[in-house]
Structures are given as structure tokens and as C-alpha cells.
Amino acid sequence: MENINWSELPFGYMKTDYNLRCYYRDGKWGEIEVCSSEYIPVHMAATALHYGQQSFEGLKAFMGQDGKVRLFRSEENAKRMQNSAKGILMAEPTLELFKEMTHKVINLNKRFVPPYGTGASLYIRPLLFGSGPQVGVKPAEEYMLIFFVTPVGPYFKEGFSPVSMLVTREFDRAAPLGTGRYKVGGNYAASLTSMEKAHDGGFANVLYLDAKEKKYIDECGPANFFAIKDNTYVTPKSESILPSITNMSLLALAEDMGMKTERRPVVLEELDSFEEAGACGTAAVISPIKSIYDDDNKKEYTFKSPGEISFKLYERLIAIQNGDDEDKFGWVDIVE
Ligand SMILES: *Cc1c(COP(=O)(O)O)cnc(C)c1O
């Protein structure tokens with residue numbers, strides 16, 4: 001096979017051998033189809049294209065030192081995709097279908113699972129969308145579920161490297177009772193302008209505030225926000241943030257390490273009292289935050305970076321994912 005430089009892989013798309021497709025037609029899911037083309041035939045009136053009936057997931061598979069491929073909490077991704085589907089009236093994939101497609105797409109592309117020790121992993125991208133035509137605004141009658149994979153590098157090539165975030169009051173990514181808690185593309189479309197502004201200013205991403213009062217912290221672009229103070233793991237509770245599986249896992253690990261944990265509304269000014277801050281999600285696990293800049297008030301909040309508690313949490317999580325640590329929470333599935 002082509003020579004892949006595993007430790008230099010970006011977080012990006014690379015063609016692999018196979019992808020899977022499954023259609024929901026006449027009220028039921030059909031057979032899983034194996035495909036080698038990267039293209040899909042789509043009806044020009046598909047609801048995904050016009051009315052945003054679309055959701056996706058992202059999860060990783062890791063090669064262990066024992067040569068076994070491990071999946072991290074994939075059932076949580078399946079449940080979240082069901083919830084996203086429910087939220088925008090799409091057909092829900094069953095948990096069994098999601099699992100079968102996840103295992104099958106990994107096995108068919110096994111040669112793309114990066115070797116143990118490179119820090120790289122195989123990223124699995126499930127995609128669900130309304131493929132049936134409508135012109136009036138209503139849910140499609142046909143849905144397509146696609147699973148593709150791409151090997152991705154460690155998010156931080158130089159290791160655990162701290163980033164800066166920009167507070168925005170000029171844009172919202174999701175409304176308080178909108179689709180923020182679903183993993184749907186529309187939230188990302190809504191975030192692009194503010195994200196580009198942040199990048200232009202030299203920031204890694206945007207820290208969104210709650211859309212209604214602009215008082216509480218929501219999340220950081222495509223990752224949840226957490227902070228550490230007084231041996232407590234604090235993360236915002238809000239109806240408009242996406243329930244991150246990484247965040248849920250870090251909460252459990254923090255508790256296991258004897259820390260207190262709090263999921264509650266977090267006002268922006270509380271940043272002053274935090275010792276460590278971070279963004280968390282599947283792609284990077286944890287991006288430690290060194291500073292958060294509030295341009296409207298010309299105020300900069302700074303944190304210990306990298307903080308040792310965040311680093312400990314990061315190391316424990318990746319050790320479980322890679323199979324180096326005992327899976328005491330039952331989070332890991334071996335891909336057979
Ligand atoms: C996917 C996603 C996250 C991270 O969720 P994980 O399950 O930890 O990968 C956080 N915020 C948003 C908006 C997301 O789409």
C-alpha cells in the first residue's frame with residue numbers, strides 16, 4: 001500500500017478502500033451496501049440539500065499494543081444520532097444497524113487503522129440525511145445512512161498544546177430552544193462566519209455565550225468547554241450545547257480521581273476564578289486553553305497552561321482508548 005506517514009497525518013479526509021450505505025425506504029432500513037466510490041447519487045430535491053435534514057457523528061478506532069482494534073463508547077454515538085434524527089424528524093437508525101455498520105466499515109478498511117504508538121487513529125464518520133425529494137417544507141420519506149472512515153493524526157503534533165479562544169456576542173451558533181443539542185450540519189453553517197473571524201484574529205476558535213442573555217458560557221466552536229477550580233471539574237449546563245461524549249467521559253474520570261464535578265450554568269465572569277480551562281471533543285480529546293479574549297470588554301482571561309489536572313485527564317482518557325489502561329468503565333469495544 002501507499003506509504004502513509006502515520007505520525008504526520010492531518011485531521012482531514014483521505015480516500016480509503018470502502019464505504020457503506022444503507023437506505024431507509026417504505027418505512028424500513030434496507031441492506032447494507034459496500035461501495036468503493038466516494039460519490040453518491042442524490043436527488044436534486046433531496047430535503048438535506050434544501051431544508052437541512054442532515055446529521056452526522058464522529059468517533060475513533062484505535063490499534064492497541066495487542067493488535068486489537070478498539071472502539072470508544074460507540075453506542076453513545078449511536079444514541080446521539082438517534083436523538084439528532086428525532087430532533088429534525090429523520091428516520092432513526094437502530095442501535096444494531098449503527099453497530100453493524102461501524103464494525104463492518106472498520107474491518108473493510110483495516111489496513112488504514114494507524115499502528116499503535118503513532119498517536120493516530122481511524123476516524124469514523126456516520127452521516128444521515130433526507131435523500132427523498134420534497135419541494136414543500138416537510139420531512140423526506142427516504143433517508144440515506146453512510147459510513148466512511150479516514151485515518152487521522154494526533155490533533156496536536158507537538159503534543160498537548162494550549163490555544164486561545166475569542167468570546168463572541170456578534171453571532172450565535174444555536175438558539176436556546178433550537179438545534180444546538182443535535183449534531184446537525186446547520187449548526188456548523190451558522191458557526192462559520194464567527195469561526196473565520198476568530199481564525200483571522202489568531203484564535204483557535206470561538207467561545208459562544210448563551211444566545212438569550214449572552215451571560216453564560218455555552219461551548220467552544222465544535223467542542224465542549226470545561227474548567228478546573230478548587231479540585232472541581234466544572235462544565236456548563238445548557239439546552240443549546242451538544243452533549244459531548246468526551247466531556248461525559250472526563251466527568252466520570254474526574255470523579256474517579258477524587259475530584260468534585262459540577263454541571264451547571266457558568267457565567268462568563270467566572271472565568272476569572274478558574275485555574276485551568278479546556279475544550280473537549282473526539283478530535284483532540286482536550287485542547288487546553290491558555291487564554292480567552294473578550295473583545296467587547298477588552299478583557300483577557302488567562303489560565304495555567306498546560307494545567308496538570310487537564311493533562312492527567314487527557315492521559316487517562318487516551319490510555320483507556322488505546323487499551324494501555326484497564327477499561328474499568330466498560331467504555332471500550334473490541335472490533336472483531
Ligand atoms: C461533536 C461535537 C462536540 C464533541 O462531542 P464528542 O462526542 O466529544 O466528540 C462538541 N460540540 C459540538 C458542537 C459538536 O458537534
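Ligands are counted one by one from 1 in listed order, and the atoms in each one are counted from 1 as well.
- Salt-bridge formation is detected for the pair Lys229/Glu270: a Lys NZ or Arg NE/NH1/NH2 atom is positioned less than 4.0 Å from an Asp or Glu carboxylate oxygen.
- For atom 1 (C) of ligand 1, the closest non-hydrogen atom on the protein side is Lys183 NZ, 1.4 Å.
- Between Glu76 and ligand 1 there is no heavy-atom distance shorter than 4.0 Å.
- Using 4.0 Å as the threshold, Pro222 has a heavy atom nearer than that to some atom of ligand 1.
- Among all non-hydrogen protein atoms, the one lying nearest atom 11 (N) of ligand 1 is Glu219 OE1, 2.7 Å.
- The shortest N or O to N or O distance between Asn77 and ligand 1 is not below 3.5 Å.
- Checked against a 6.0 Å centroid threshold, the rings of Phe112 and Tyr18 do not count as neighbours.
- Side-chain contact check for Asn187 and Thr179: at least one donor-acceptor pair (N or O, by modelled atom type) lies under 3.5 Å.
- Between Gly281 and ligand 1, no N or O atom pair is found at a separation short of 3.5 Å.
- Shown here for Met165 and Ala279, the closest heavy-atom pair between the two residues is CE-CB, 4.1 Å.
- Two rings, from Phe225 and Tyr208, have their centers 6.0 Å or more apart.
- Summary of contacts: the protein heavy atom closest to atom 13 (C) of ligand 1 is Arg173 NH2, 3.4 Å.
- The shortest distance between side-chain heavy atoms of Leu97 and Cys22 falls below 4.5 Å.
- Both tests do not hold together for Lys15 against Tyr13: distance to the six-membered ring centre under 6.0 Å, angle to the ring axis within 45°.
- With respect to Arg173 and Asp218, no salt bridge is recorded, no charged nitrogen being found less than 4.0 Å from a carboxylate O.
- In terms of N/O distances under 3.5 Å, ligand 1 is approached by Tyr188.
- Listed by atom number, the atoms of ligand 1 under 4.0 Å from Arg80 heavy atoms are 5 (O), 6 (P), 7 (O).
- When each atom of ligand 1 is checked for a heavy atom of Asn224 under 4.0 Å away, the hits are 10 (C), 11 (N).
- Annotation: Thr282 places an N or O atom under 3.5 Å from an N or O atom of ligand 1; distance criterion only.
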